[in-house]
Amino acid sequence: MKLSTIILAAGEGTRMKSDLPKVLHAVNGKPMLRYAIDAACAAGSQRTVVVIGNGAEKVREVIGNSVEFVVQEKRLGTGHAVLTAASTFSGQDGLILVITGDMPLLTAGTLKSLVNKQLENNGPMTMTTVYSRDPRGFGRIIRGEDGGVLAIVEEAQANPEQLKINELNVSAYCFNAEWLWQAIKKVKVSPKGEYYLTDVVEIAVNEGKHVSALVLDDEEETIGINNRVQLAQAEEIIRRRTNQAYMLAGVTMINPDTVYIEEGVKIGRDTVLLPNTFLSGKTVIGEKCEIGPNTIIRDSTIGNHCHLLASVIEGAIVEDEVGMGPFCHLRKGAHLGRGVHMGNFGEVKDSHLAAGVKMGHFSYIGNATIGENVNIGAGTITCNYDGVHKHPTEIGADTFIGSDTMLVAPLKIGKGAKTGAGSVVTHDVADHEVVVGVPARPLKKKES
Ligand code: UD1
Ligand code: CA
């Protein structure tokens with residue numbers, strides 16, 4: 001069976017009061033429109049056509065070419081939007097899902113049920129409805145004596161009796177494609193000057209055909225986003241769904257309301273996430289770690305048994321048993337080996353710290369390679385930038401860097417060497433050599 005999807009996303013989104021097209025506003029880090037695309041795809045849709053209008057270029061740019069786009073030049077209504085998309089299908093058969101780009105909470109499971117319901121239906125379409133005490137301006141469902149759907153009446157056209165109906169049109173449909181292509185042409189312009197997709201229900205009924213309806217139990221799925229209050233509601237619900245899935249997979253959160261995890265982040269069992277933890281991008285976290293409170297991790301890989309307290313980690317690799325924080329910053333290209341300890345106020349960028357390195361207090365390490373078990377004293381700085389170029393620093397294993405050492409790169413320090421407190425090291429240091437002073441010189445051995 002061929003299944004395709006049309007996503008309606010040309011609307012103005014005026015109530016967002018934004019320069020960004022409404023469907024590009026992020027919910028838990030992912031553009032709203034992506035939720036519709038991903039749900040359709042997960043429900044088995046093989047082809048997705050997105051109807052765009054407002055901010056079309058920006059939408060294309062952000063979403064990319066995983067889907068097809070058609071531009072609806074004039075926003076003449078949802079019926080007109082589907083008609084515009086129809087041209088790209090040139091009479092294709094099978095089933096067509098029609099959904100909107102502003103309902104990120106609608107799940108793939110619901111779309112699957114919708115498709116299955118239509119597969120059992122002799123008639124040309126199945127729609128989705130929900131019972132709600134809050135009509136939110138949604139179209140009302142008119143059912144006949146036998147319970148069959150007869151029509152959808154838009155709020156603007158509804159009479160006082162119809163306005164009391166609490167079964168609402170969600171705006172997710174599954175159509176027999178061949179029927180849709182001819183029915184959509186028959187939709188007449190409404191008193192409001194728009195072509196309503198919802199009018200196809202009456203068209204089917206007038207042809208003596210059965211319109212089937214999938215009634216959703218979960219009202220939450222049907223929250224459409226028109227303003228930033230609804231955006232925040234959706235955000236909260238998605239976060240709850242996401243965090244529940246992680247907890248059920250073995251991750252502890254002492255207060256899940258304060259943990260922010262973007263889709264796609266991987267977290268191992270028995271890891272504990274403390275409040276105000278933000279995990280995003282291509283982040284992978286191992287087992288039995290303790291992360292947070294107040295920690296941000298983006299596009300990074302963290303091993304097992306790590307303790308990361310109040311730190312910011314971006315584009316970094318952290319191996320097993322690393323302890324860090326509070327107030328550390330790992331930037332792009334930082335790689336901390338097994339058991340590295342980083343105390344407060346450390347920054348590492350484009351550097352490899354081998355296993356067992358200790359960097360307790362107030363240090364900056366950039367463009368450096370640091371051997372095993374090196375002790376980096378408080379206040380040590382790699383002076384890696386001369387105002388034009390970045391230069392490397394290499395430090396051999398078991399070296400002791402004294403407090404407040406300035407390592408003026410390019411620089412090589414051998415194994416087991418020592419630098420005195422406050423030294424400014426401008427020349428390479430040999431294995432086991434001790435240097436002190438400004439600029440640092442080998443310490444003369446006392447004559448005995
Ligand atoms: C629509 C339904 C209503 C339903 C409600 C649920 C119609 C006529 N009414 O009303 O029964 O209860 O959704 O949210 O369909 N769009 C276009 N091009 C247009 C107009 C709209 O692409 O010319 C897109 C919008 O971007 C939006 C979607 O279609 O994603 C729905 O449009 P909107 O104007 O919000 O319809 P509603 O009045 O909410
Ligand atoms: Ca709407």
Side-chain angles (χ1 to χ4, degrees), residues 5-16 18 20-25 31-37 39-40 48-56 59 69-86 97-106 110 125 127-132 134-142 149 151-158 162-163 165-173 175 180 183-184 187-203 211 213 215-216 219-227 230-231 234:
T5 304
I6 298 174
I7 301 177
L8 307 182
E12 308 283 348
T14 323
R15 283 169 285 171
M16 294 299 282
S18 176
L20 191 68
K22 176 169 88 172
V23 291
L24 294 185
H25 279 262
M32 205 186 294
L33 176 56
R34 272 247 156 259
Y35 284 86
I37 294 169
T48 300
V49 174
V50 183
V51 184
I52 49 178
N54 181 53
V59 177
F69 294 100
V70 290
V71 178
Q72 186 192 17
E73 299 290 352
K74 279 190 190 149
R75 258 73 79 202
L76 298 178
T78 48
H80 181 257
V82 171
L83 185 67
T84 308
L97 276 172
V98 176
I99 55 177
T100 68
D102 60 359
M103 285 195 173
L105 299 166
L106 206 62
T110 293
M125 68 175 285
M127 53 182 296
T128 317
T129 74
V130 67
Y131 285 90
S132 171
D134 173 13
R136 296 167 272 173
F138 279 25
R140 311 296 203 274
I141 309 297
I142 313 292
V149 177
I152 304 169
V153 180
E154 289 307 302
E155 188 164 274
Q157 268 78 55
Q162 290 167 333
L163 284 176
I165 296 171
N166 60 5
E167 186 181 12
L168 311 173
N169 174 31
V170 172
S171 221
Y173 317 83
F175 294 99
L180 177 63
I184 198 70
V187 171
K188 297 205 176 69
V189 69
S190 76
K192 259 185 86 186
E194 283 188 26
Y195 295 85
Y196 291 157
L197 174 59
T198 44
D199 285 357
V200 297
V201 173
E202 269 179 283
I203 292 172
V211 173
V215 182
L216 297 187
E219 206 184 315
E220 223 171 59
E221 274 197 53
T222 69
I223 295 177
I225 295 175
N226 296 310
N227 59 43
Q230 290 158 336
L231 183 68

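For this chain, numbers begin at 1 and follow the sequence in order. First listed ligand is number 1; within each ligand, the first listed atom is number 1.
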> Are any non-hydrogen side-chain atoms of V187 and L197 less than 4.5 angstrom apart?
Replying inline: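 They are not in contact (no side-chain heavy atoms under 4.5 Å apart), so the answer is no.
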> Would you say T128 and T222 make side-chain contact, with heavy atoms under 4.5 Å?
Replying inline: no
> For ligand 1, is there an atom lying under 4.0 Å from some heavy atom of E155?
Replying inline: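 In this structure, E155 fails to qualify as a contact of ligand 1 - no heavy atom is under 4.0 Å.
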>> When you measure from the heavy atoms of V170 to every atom of ligand 1, does any distance fall below 4.0 Å?
In response: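 Yes, V170 has heavy atoms under 4.0 Å from ligand 1.
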I need the atoms of ligand 1 closer than 4.0 Å to a non-hydrogen atom of [X], numbered in the order shown.
X	result
G139	3 (C), 4 (C), 11 (O), 12 (O)
A9	22 (O), 26 (O)
A81	17 (C), 18 (N), 22 (O)
T78	7 (C), 8 (C), 15 (O), 20 (C), 21 (C), 29 (O), 31 (C), 32 (O)

Check [X] against ligand 1 and report side chain, backbone, both or neither, counting heavy atoms closer than 4.0 Å.
X	value
L76	backbone
A10	both
E154	side chain
N226	neither
K22	neither

Sub-3.5 Å N/O-N/O distance, [X] and ligand 1:
X	value
L197	no
Y196	no
G137	no
Y173	no
G77	yes
Q72	yes

>> Please evaluate residues M127 and I141 with respect to the criterion side-chain contact (heavy atoms from CB on, under 4.5 Å), reporting the C-alpha separation (whole Å), side-chain torsions for both, the decisive distance (0.1 Å), and the verdict.
In response: CA-CA 10 Å; M127 53 182 296; I141 309 297; 3.4 Å; yes
Give a yes or no on whether the backbone of [Y] and the side-chain of [X] come within a donor-acceptor separation of less than 3.5 Å.
X	Y	value
Q230	N227	yes
K22	I225	yes
T48	I37	no

> Out of N166, L163, N169, which one pairs with R140 under the side-chain contact (heavy atoms from CB on, under 4.5 Å) rule?
Replying inline: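 Only one of N166, L163, N169 forms a side-chain contact (heavy atoms from CB on, under 4.5 Å) with R140, namely L163.
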> F175 pairs by side-chain contact (heavy atoms from CB on, under 4.5 Å) with which of V200, V82, I184, L97?
Replying inline: V200
> Under 3.5 Å, is there a donor-acceptor pair linking the side chains of E221 and T110?
Replying inline: yes
> Minimum heavy-atom separation for A81 to V51, with atom names?
Replying inline: O-CG2, 3.7 Å
> Going through the checks in order, is the side-chain contact (heavy atoms from CB on, under 4.5 Å) test met by L83 and Y195?
Replying inline: CA-CA 10 Å; L83 185 67; Y195 295 85; over 6 Å; no
